[in-house]
Peer 1: 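What follows is a structure written as structure tokens; I'll ask about it next.
Quick note: numbers below take in every heavy atom, side chains included, and nothing from hydrogens, waters or symmetry partners.
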Amino acid sequence: MEFRIETGQEADGRWIAEIQALPGVLAYGESKGRAISRATALALQVIGDRIEHGEIDVAPERVVFLAA
């Protein structure tokens, strides 16, 4: 599984990171790296929930996050 993390900086200086392929995976941070870390952690929780609820048949062998 491969996911692209889109990032941007808000007018107030906060960074935002979002994975559009996983609805609801959006996180803020005081730095770009912190926003990416938070989005990655949230994405892993979403993927775990999908596995637990049978939405993904087999656990992925590898999950890759690409920050833009």
Side-chain angles (χ1 to χ4, degrees):
M1 299 179 108
E2 188 172 293
F3 298 98
R4 184 171 218 36
I5 302 173
E6 302 292 331
T7 60
Q9 193 168 22
E10 300 286 306
D12 64 3
R14 294 181 303 163
W15 282 87
I16 185 170
E18 178 179 20
I19 300 176
Q20 293 183 358
L22 296 171
V25 176
L26 179 128
Y28 287 95
E30 60 280 354
S31 68
K32 183 178 180 179
R34 188 66 178 136
I36 290 170
S37 293
R38 288 179 175 163
T40 301
L42 181 55
L44 291 169
Q45 291 174 352
V46 169
I47 292 166
D49 285 345
R50 288 184 177 181
I51 292 168
E52 185 176 349
H53 292 100
E55 296 173 35
I56 298 174
D57 291 335
V58 178
E61 292 180 17
R62 191 177 105 186
V63 177
V64 177
F65 295 98
L66 304 170

Peer 1: Cluster question for you: counting only ILVMFWY and a side-chain heavy-atom cut-off of under 4.5 Å, with indirect links fine, are Phe65 and Val25 together?
Peer 2: yes
Peer 1: Under 3.5 Å, sequence neighbours excluded: what are the donor-acceptor pairs made by side chains of residues 38-54?
Peer 2:
| unit_1 | atom_1 | unit_2 | atom_2 | d |
| --- | --- | --- | --- | --- |
| Arg38 | NH1 | Tyr28 | O | 2.8 |
| Thr40 | OG1 | Ile36 | O | 2.8 |
| His53 | ND1 | Asp49 | O | 2.8 |

Peer 1: If Ile, Leu, Val, Met, Phe, Trp and Tyr residues are connected whenever their side-chain heavy atoms lie under 4.5 Å apart, and connections chain through other members, are Ile5 and Leu22 in the same group?
Peer 2: yes
Peer 1: Which side chain to side chain donor-acceptor pair (under 3.5 Å) pairs, counting each pair once, include a residue from residues 4-13, with sequence neighbours left out?
Peer 2: Asp12-Arg14
Peer 1: Under a single-linkage rule joining Ile, Leu, Val, Met, Phe, Trp and Tyr whose side-chain heavy atoms are separated by less than 4.5 Å, which residues share a cluster with Trp15?
Peer 2: none
Peer 1: Work out which heavy atom in Ala17 is nearest to a heavy atom in Ala35; give both atom names and the distance.
Peer 2: CB-O, 3.5 Å
